[in-house]
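Working notes, beginning with the structure itself.
The figures that follow rest on heavy atoms only: side chains count, while hydrogens, waters and symmetry mates do not.
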Amino acid sequence: MFSNARIMRRMASLGTGARWGGATVLAGLSVGLELLQWSFDGGRAPFLIFSPCLVFAAAAFGRGPAMLVYAAGLASGSWLLARHDAVAGWEGEEPAAIAAFALVGLLSIYLGGLGRLYAGRGLRAEQALADTRVAQSEAQRDHLYKLLLQAPGFVVILRGPAHLIELSNVDFETLVDRRNLIGLPFAGAVPELATPHLMAQLDAALSSGTPYAARETPIYAGTAGSLAERLHFVDFALQPLVGDGRPSGVFLSGVDVTEARRAREALLLNEERLKDGLMAARMAVWELDIERREVLFSDSATELFGATLDELRQPWHLVHPDDLPPLEQARKAAVDSAGEYQMIVRARRADDGATIWLDLRGRAIAESDGRVRRLRGVTIDVTAREVAEQGLRTAERRKDEFLAMLAHELRNPLAPISAAATIMQGDMAQPAQIKHAAAIVARQASHLTRLVDDLLDAARISRGKIELVPQPFDLRLAIEDALEQARPLLQAKHQQLQVDLPPAPQGVNGDRARLTQVVANLLSNAARFTPAHGTIGVGLARAGDQVELTVTDNGCGIAPELLPHVFGLFTQGQRGADRSQGGLGIGLAIVSGLVALHGGTVQAYSEGSGTGARFVVGLPQTALRSAAPAGAPAEAPARRVELLVVDDNRDAADMLAVLLRGAGHDCEVAYDAESALRRLQGGLPMACILDIGLPVMDGYALARTIRARSTDIVLFALSGYGRSEDREKAAAAGFDRYFVKPVPPGELLEALAAAIMAPPA
């Protein structure tokens, strides 16, 4: 009994009433058992039952309640002995038996009390140990709770089927933006987190003890802010809490990895941007292992070289053989000095073999021992820049060639003009010599005018400033006009002209003067590059919905390398020994520009040098309407006109005055605006021819002053500027006509006659 801690713990826990009640019951039970024993043995051992009962009573209920059992036993035993004094063997011995029982009973009570005392001490020690263990357990539990509350990441302990929140740390409350969650059901406390999937996992962990984990799970935590602001990404795990052999709760822990995910996404975005930047800049980053001679390129290198990264580990075969040795030397020098190198090399693409230019920039990477085992750098595709620079160098060379050609072409007519002027200034010149010199001056001046006009046309075409006056007409007329212009040049070189025009009209919608210029330039080009007694052909035919003009020659031909650039500005081919009919190299550029403005095409063909050339112009065909017969041009009225010529170039003003006087007009000359205004104070002439570039007051201001005094006077502008904006300014200033120097005398006289409509006085 004393060794059974459970029984002793229960007896020690009995109250006073329970102990005395138990002793009373035990006393009655002992008396009953004693009477039962007496009926069997006839009183031979009258106190046999009471001794163990006294021990039990003292041990179970204490010495006080045990004395109740002792008294009951002593009284009942004495009564039985006194009543049954005839019991054999007990005669005269009752007092001794009772005394023996009294002593033995007290001893039993003493022994039972000792047992209770020692058992109580053991129980108290055990209870103290248990209390100590409980206290330690509580301390450990409190410490664990504190650790959980302070743990990095969020922690939640849920209990029961309702998943009541037993514990939540600060991180979890911060995540859900709520406080005082203890005792609340998880689904009700944080409904935004209680998704069907998560609740199913919680139920599974509680019912079957199944753990669960997930990474970077998107959740919308809290209630404030937009969805984007509430979006978080968490790594979390569910672990069942097992008690008494079955799960009683769920341990939910996790980490908010939103910032890490966003940082990773930002890093990936930066990498994508860097990759896109490298692609856009046609640049590749690389690292060279010197010992293994292997190169690790960035992904952008595949676009640069047209090869895979594995193929580019050994890219040396792609470098131009002539550039590889200098590259090796530059790399070795950088390694020896732990420095840098930079050079431009040629390479070829692995896919199509195209030549590319690469700007290589490398830097030696020294390790802790001072040795250089790696080179790191960038490769930049500078093909476009190199091609552009080559183009600029070519353009610069062509410009220099053009300036030299321009000087040559301008000196050619100036030399005979200077010689003719010397002859006409001499006193011994004969009339025939003067007439011949004048013809030379006129012819060479016309040539200079053509050179200047070509330059202006090329500039207008390149800027899109040229103006067309399109109308339907027969293209054969433009060809006939061009043949008339080119015939003197062909005759001078004794070249044979073969013309093949169809009998039917070939209608086009275009500017007749400009298309005549196209044909004339092609004929002039053919004559220039065809030797004397050569043959030039002109043909016209219909090809589908187009009209095709063909100009052929059997001259020097066009070299293959020049053929793609023959319509470029300032392009010059091979020229013959006779350079008297040279040009500026812009005739074919003008042809190409004018044809394009008409919606047509022009192509050049040649089999090479010495094989001649063929030019084909295609223009859209247009139906022609029947034209009414043109009336005879009205004759200019022969009328004497009072004129004032104003020009600060005295020679130009005096020569124009001589021309006008020779035509029968009265002409005065002023060399500046101030002199002209003084002349006008004496009376207004019928017409004024004003230079624009006058000093102090220009021709525009002078015209406005004159127009303010009279609206009937005729004002002609004469200028070296031929731009459309110059013509617009002249019209705004009040000029009636605008002429570009040098103006043909006949054109000026006809315009003057047409402007003066009043009958003679």
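Judged by distance alone, the side chain of N169 and the main-chain N or O of V155 form a donor-acceptor pair under 3.5 Å. In this structure a side-chain-to-backbone donor-acceptor pair under 3.5 Å is missing from H598 to G600. In terms of modelled atom types and a separation under 3.5 Å, the side chain of H317 and the main chain of Q314 share a donor-acceptor contact. Side chain of E311 to backbone of T308: a donor-acceptor contact under 3.5 angstrom is found. At least one donor-acceptor pair closer than 3.5 Å links the side chain of T383 to the backbone N or O of W357. Judged by distance alone, the side chain of R361 and the main-chain N or O of Y341 form no donor-acceptor pair under 3.5 Å.
Atom CG of N180 sits in a sparse spot, with 12 or fewer heavy atoms from other residues, nucleotides or ligands closer than 6.0 Å. No more than 12 heavy atoms of other residues, nucleotides or ligands shown are found within 6.0 angstrom of CZ on R246. For R215, the CZ atom counts as loosely surrounded, since its 6.0 Å shell holds 12 or fewer non-hydrogen atoms of other residues, nucleotides or ligands. Enclosure of atom CZ in R292 is not indicated, since only 12 or fewer non-hydrogen atoms of other residues, nucleotides or ligands lie within 6.0 angstrom.
The structure places OH of Y220 at 12.5 Å from OG1 of T195, a figure rounded to the nearest 0.5 Å. Atom CG in L193 sits 11.0 Å away from atom OG1 in T217 (nearest 0.5 Å). A distance of 8.0 Å separates CG in L241 from CD in E166, rounded to the nearest 0.5 Å. Remark: D256 CG to R261 CZ distance equals 12.0 Å, nearest 0.5 Å. Atom CG of L619 is separated from atom CD of Q546 by 7.5 Å, given to the nearest 0.5 angstrom. Note that CG of L198 is 5.5 Å distant from CZ of F236, once rounded to the nearest 0.5 Å.
Screening L252, V156, L206 for a side-chain contact (heavy atoms from CB on, under 4.5 Å) with H163, the sole residue that qualifies is L206.
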- request: Assess whether salt bridge (Lys or Arg N to Asp or Glu O under 4.0 Å) is satisfied between E367 and R373, documenting all intermediate values.
  value: CA-CA 8 Å; E367 298 185 1; R373 297 182 177 89; 2.6 Å; yes
* To do: Might you work through the side chain to side chain contact (heavy atoms under 4.5 Å, CB included) test for V234 and V257, ending with a clear yes or no?
  => CA-CA 5 Å; V234 297; V257 295; 5.6 Å; no
Between M343 and L327, does the side chain to side chain contact (heavy atoms under 4.5 Å, CB included) criterion hold? Intermediate values first, please. CA-CA 7 Å; M343 65 181 303; L327 176 61; 3.7 Å; yes
Requested in this report: Please lay out, stage by stage, how E265 and R262 fare under the test salt bridge (Lys or Arg N to Asp or Glu O under 4.0 Å).
Outcome: CA-CA 5 Å; E265 290 176 347; R262 289 175 178 169; over 6 Å; no
Yes or no on side chain to side chain contact (heavy atoms under 4.5 Å, CB included) for V335 and I290, after CA distance, side-chain angles and deciding distance? CA-CA 9 Å; V335 172; I290 299 176; 3.6 Å; yes
**Asked** Would L309 and D299 satisfy side chain to side chain contact (heavy atoms under 4.5 Å, CB included), going step by step from the backbone distance to the final call?
**Response** CA-CA 7 Å; L309 293 179; D299 293 343; 3.4 Å; yes
### Message
Using salt bridge (Lys or Arg N to Asp or Glu O under 4.0 Å), reason through D289 and R293 one step at a time and then give a plain yes or no.
### Response
CA-CA 5 Å; D289 187 323; R293 286 184 59 83; over 6 Å; no
How far apart are the C-alpha atoms of E291 and R374, what are their side-chain angles, what is the distance that settles it, and do they pass the salt bridge (Lys or Arg N to Asp or Glu O under 4.0 Å) test?
CA-CA 8 Å; E291 295 179 355; R374 293 176 298 149; over 6 Å; no
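No side-chain heavy atom of E294 sits under 4.5 Å from any side-chain heavy atom of L288. Residues L312 and L296 are not in side-chain contact: their nearest non-hydrogen atoms beyond the backbone lie 4.5 Å or more apart. You'll find the side chain of L68 reaches within 4.5 Å of the side chain of W20, heavy atoms only. Residues P218 and L231 are in side-chain contact: their nearest non-hydrogen atoms beyond the backbone lie under 4.5 Å apart. Within the 4.5 Å cutoff, the side chain of R159 has heavy atoms near those of the S248 side chain. At least one side-chain heavy atom of H197 sits under 4.5 Å from a side-chain heavy atom of Q201. A heavy-atom distance below 4.5 Å is found between the side chains of L202 and L238. Counting heavy atoms from C-beta outward, E386 and I344 have side chains that approach closer than 4.5 Å.
Taking a cutoff of 4.0 Å between a charged side-chain nitrogen and a carboxylate oxygen, R264 and E216 qualify as a salt bridge. One finds no salt bridge joining R393 and E396 here, because no Lys/Arg side-chain nitrogen approaches an Asp/Glu carboxylate oxygen to under 4.0 Å. Using a 4.0 Å cut-off between charged side-chain N and carboxylate O, E340 and R376 make no salt bridge.
Annotation for R349 and G306: closest pair NH2-CA, 3.4 Å, computed over non-hydrogen atoms. Here the closest heavy-atom approach between residue G618 and residue V595 is recorded as O-CG1, 4.4 Å. Between I182 and L167, the shortest heavy-atom distance links the atoms CD1-CA, 3.7 Å. Shown here for P560 and P564, the closest heavy-atom pair between the two residues is O-CD, 3.3 Å. Here the closest heavy-atom approach between residue H232 and residue T258 is recorded as CA-OG1, 3.2 Å. Taking every heavy atom of both residues into account, R331 and W316 meet most closely at NH2-CZ3, 3.2 Å.
Side chain to side chain, T355 and R346 fail the donor-acceptor criterion of an N or O pair below 3.5 Å. Side chain to side chain, T379 and W286 meet the donor-acceptor criterion of an N or O pair below 3.5 Å.
The aromatic rings of F154 and F172 lie tilted to each other, with the angle between the two planes from 30° to 60°.
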